[in-house]
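A quick write-up on the structure given underneath.
Numbering starts at 1 and runs along the sequence shown.
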Amino acid sequence: MNHRTAVRSTALGYPRIGSDRELKRALEAHWAGRLDAAGLERAAAAVRAEMLDDLSVLDQVPTGVFSYYDHVLDAAFAVDAVAPRHRRGDRLASYFAAARGDDAAAPLEMTKWFDTNYHYLVPEIGLATAFAPRPEKAVAEFLEARERGLSARPVLVGPASLLLLAKAAEGAPADFRPFDRLGDVVEVYVELLAALAQAGAGLIQLDEPALCADRTPAELEAVAAAYRRLVAEAEILVAGGYGPFGESLPVLLESGVEGIALDLVRGRSDLEALASLDVSRETFIVAGVVDGRNIWRTDLADAAADIVAVKALTDRVGVASSSSLLHVPVDLAPETGLPPLLAERLAFARQKLIELTVLADPDGARDARPASPDAWRDAAVRERLAALGDGADRRAPYADRQASQAKRVPLPPLPTTTIGSFPQTAELRKARAAHRQGLMIDADYQARMKAEVAAVIAEQERLGIDVLVHGEPERNDMVQYFAELLTGFATTAAGWVQSYGSRCVRPPILYGDVARTAPMTVPWTSYAQSLTAKPVKGMLTGPVTILAWSFVRDDQPLADTADQVALALRDEVADLEAAGTAIIQVDEPALRELLPVREAPRAAYREWSTRSFRLATSGVRPDTAIHTHLCYSEFGVVIDAIAALDADVTSIEASRSKMEIVADLGRAGYRSGVGPGVWDIHSPRVPAAAEMAEALRLAVAALGPDRVWANPDCGLKTRRYEEVVPALEGLVEAARTVRAEAA
């Protein structure tokens, strides 16, 4: 073996919003009519140029990883799999109609991208879908890099993953699966690859993360045939990026692919499996040793050991991120406010590129990452958790709770409510910014926030909503707000990460043991309740979601960290109840998000994730109702986990999926209350009352009128009052209509 084998540095993808969220602002200006298509393209070109500047330190640069909204939607458009209702005269208008909807059509369904907080748009594919190659985007972005003199590698979502992530178009036969069209799609990919080759591309990356999930023998046989066809046309690097390829690994290698990119952060078993396979010394093996999904500095000594193991298998070695760097912020440099001891242990996207160049350098330093300091541990937190009894996460039976809650808070059938937040207006954001910068004194800030709470309560009473919320004007983000009030967390100034489209979040950094030092929400909830005789929900974010939407310490099991967060929330729940709050909502929209990609570890995840929720919520009396909220997920795979949360009411995203989850819950025998969302708040489209009423009828047919609530899909933070008011008027009207029908 040649121990001096050259190692090529690369990355599987990169953040595409701009270092200062330039793309977000351009998109929102375009959607608002303030920026024309040419202006949007100029802004996009500037973002792509910045991406290439950053990536130019690598030996090989991925191209085609920019997107106006979503890379899965890009892949659907690349094969012309556009639903008829989204086709417009202008291609960009068609694209945004599919992404966001418009007055004429609802958008595509949106769901979580594997076990991450990124949301992708679900393509709709049927027997009548007429595929055709549309290589313009991929070719243009490849040429942009080539014109800069960079060694460029085009990236496309692979054909198997595109179809496995899609859903059957409306009207397709009941037994049809989009994957049934793999042969047809592969022929279109052949033409896409040919167009890239004609433009000068050599190696082409096809992302196949769906092959990192459990796949059937029939699926693997189809994948083998597909890749035998594709490798006859081009040199292909297959990337996974979200766990081990497992049983897909030998299938891909035997098909003759040029290379394979392994996730060696979450899929180390693939490295062991390769040792038992007949791997050609000419196979390009890319070692994904730099974590693409967390911000902790790489242990370069450990990573170098993995590279040595790969060198034992092949003469062609690459070093890369474990997944696309889409999931981490762009640059650590602006974060001058972080504690120095923490900052020196972090690496954002630009810093990870430097790590990759160091690992590719045969003479580069190979330092081990220092251990977490003892100061980040809290003995009192650990002792309290250890002292909890076996029944700390259990409540009285649901039937008993339901009776006592109905007596305490009488409600009509199909009660109406919202998920929590109301629009965060420009004035509110300015007030929060002024307060944060010291330009508004505490008393003035509190008065401004209280005025907003009073206005939100008054508007809900005018609308006739049954269970109110205070609107959360004081909260910058549903996770960051709590991170700023709990120990063990740090927040960033500009650590933005794309969640979907133009929606960006700043995940906090959970680096130490977690505890609550004072009530976090009680004063706001109590003030809101003092303004109305109707019940006002207390609003908290659950432990699993706080973990999923943070960058979490990697020096202890997630289950242990979740229990620490749950214990802090348990104290808040107790204080809300003591203050007289009768309904407390603990949101877990990320419950599905952290579900392992493969089936084998899922039981353990369901156990600890649901236990942490129950630990946070089980200390209340039977007559205090616990609500929760889940959004934009494939809920079918977590129905048992939803039941195990043991919430009294679960509100769920249901509008884009046309109430599919409600039928699933009915078939599963789910017995608690359900609030299926009847208004998709991630689209500017305002549904008519009749449309929402029809959705409620489907829910009532599946579950009965006594267990159904009427609510939007999610919080209203990102919407404008011009949309919110008519939509809520329609929701209340729809609930009254269906309530009368069910009487």
Under 3.5 Å donor-acceptor, [X] side chain and [Y] backbone:
X: Arg100; Y: Pro107; result: no
X: Glu588; Y: Thr545; result: yes
X: Thr610; Y: Ala641; result: no
X: Ser67; Y: Tyr69; result: yes
X: Asp20; Y: Glu22; result: no
X: Ser321; Y: Leu12; result: yes
X: Tyr481; Y: Met520; result: yes
X: Ser322; Y: Leu264; result: no

Return the minimal non-hydrogen interatomic distance between [X] and [Y], and the atom names on each side.
X: Thr487; Y: Asp513; value: OG1-O, 3.4 Å
X: Gly18; Y: Val47; value: N-CG1, 3.8 Å
X: Val497; Y: Pro329; value: CG2-N, 3.7 Å
X: Asp477; Y: Gln480; value: OD2-N, 3.0 Å
X: Arg614; Y: Ala644; value: NH1-O, 2.9 Å
X: Gly538; Y: Leu576; value: CA-CD1, 4.4 Å

Are side-chain heavy atoms of [X] and [Y] found at a separation under 4.5 Å?
X: Leu594; Y: Ser609; result: no
X: Gln585; Y: Ile419; result: yes
X: Ser618; Y: Arg394; result: no
X: Met478; Y: Pro589; result: yes
X: Arg432; Y: Gln424; result: yes
X: Leu716; Y: Trp679; result: yes
X: Arg395; Y: Ile626; result: yes
X: Val72; Y: Leu121; result: no

I'd like to check the side chain to side chain contact (heavy atoms under 4.5 Å, CB included) partners of Glu607; sequence neighbours left out, ordered by chain and number. Arg611
Residues two or more places apart in sequence or in another chain: which of them pass side chain to side chain contact (heavy atoms under 4.5 Å, CB included) with Ala343? Leu338
Run the side chain to side chain donor-acceptor pair (under 3.5 Å) check on Asp664 and Tyr670 step by step: do they pass? CA-CA 9 Å; Asp664 291 342; Tyr670 188 73; over 6 Å; no
Using the rule given for side chain to side chain contact (heavy atoms under 4.5 Å, CB included), can you reason through Leu108 versus Tyr120, listing the C-alpha separation, both sets of side-chain angles and the distance that settles it, and then say yes or no? CA-CA 10 Å; Leu108 293 174; Tyr120 78 93; over 6 Å; no
Residue pair [X] / [Y], side-chain donor-acceptor N/O under 3.5 Å:
X: Asn711; Y: Ser651; answer: no
X: Ser502; Y: Arg21; answer: no
X: Glu355; Y: Gln351; answer: no
X: Thr417; Y: Lys537; answer: yes
X: Tyr68; Y: Asp74; answer: no
X: Arg16; Y: His71; answer: yes

Could you measure the distance from the [atom1] atom of [X] to the [atom2] atom of [Y]? Nearest 0.5 Å is fine.
X: Leu385; Y: Asp378; atom1: CG; atom2: CG; result: 10.0 Å
X: Asp270; Y: Asp263; atom1: CG; atom2: CG; result: 8.5 Å
X: Thr617; Y: Glu577; atom1: OG1; atom2: CD; result: 11.5 Å
X: Lys112; Y: Asn117; atom1: NZ; atom2: CG; result: 5.0 Å
X: Asp713; Y: Ile652; atom1: CG; atom2: CD1; result: 9.0 Å
X: Leu540; Y: Arg570; atom1: CG; atom2: CZ; result: 13.5 Å

[X] and [Y] ion-paired at < 4.0 Å:
X: Arg268; Y: Asp306; result: yes
X: Lys352; Y: Asp291; result: no
X: Arg602; Y: Asp214; result: no
X: Arg369; Y: Asp554; result: yes
X: Arg606; Y: Asp640; result: yes
X: Arg345; Y: Asp555; result: no

Applying the side-chain hydrogen bond (donor to acceptor under 3.5 Å, both in side chains) criterion to Thr521, which one of Glu572, His470, Arg475, Glu474 satisfies it?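 Between Thr521 and the candidates, side-chain hydrogen bond (donor to acceptor under 3.5 Å, both in side chains) is satisfied uniquely by Glu572.
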Not counting sequence neighbours, which residues clear ring pair (Phe, Tyr, Trp, His ring centres under 6.0 Å) with Trp709? List them please. His627
Pair Phe613-Val544, side chain to side chain contact (heavy atoms under 4.5 Å, CB included): steps then yes or no: CA-CA 7 Å; Phe613 178 89; Val544 173; 5.9 Å; no
Evaluate the criterion side chain to side chain contact (heavy atoms under 4.5 Å, CB included) for residue pair Trp113 and Asp70; output intermediate values, then yes/no. CA-CA 11 Å; Trp113 175 253; Asp70 169 52; over 6 Å; no
Under the criterion side chain to side chain contact (heavy atoms under 4.5 Å, CB included), I'd like the reasoning laid out for Arg266 against Tyr242: C-alpha separation, chi angles, the key distance, then a yes or no. CA-CA 7 Å; Arg266 290 170 175 79; Tyr242 298 90; over 6 Å; no
Holding to salt bridge (charged side-chain N to carboxylate O under 4.0 Å, His left out), I want the full list of residues that pass it with Arg384, two or more places apart in sequence or in another chain. Asp571
By salt bridge (charged side-chain N to carboxylate O under 4.0 Å, His left out), Lys717 pairs with (sequence neighbours left out) none
Arg382 atom CZ: more than 12 heavy-atom contacts under 6.0 Å: yes
Output a table of donor-acceptor pairs, distance under 3.5 Å, between side-chain atoms of residues 489-496 and any protein atom two or more places apart or on a different chain; print 'none' if there are none.
from	atom 1	to	atom 2	distance (Å)
Thr492	OG1	Gly495	N	3.1

Evaluate ring pair (Phe, Tyr, Trp, His ring centres under 6.0 Å) for His327 paired with Phe114, printing each intermediate quantity in order. CA-CA 12 Å; His327 307 293; Phe114 299 94; 9.8 Å; no
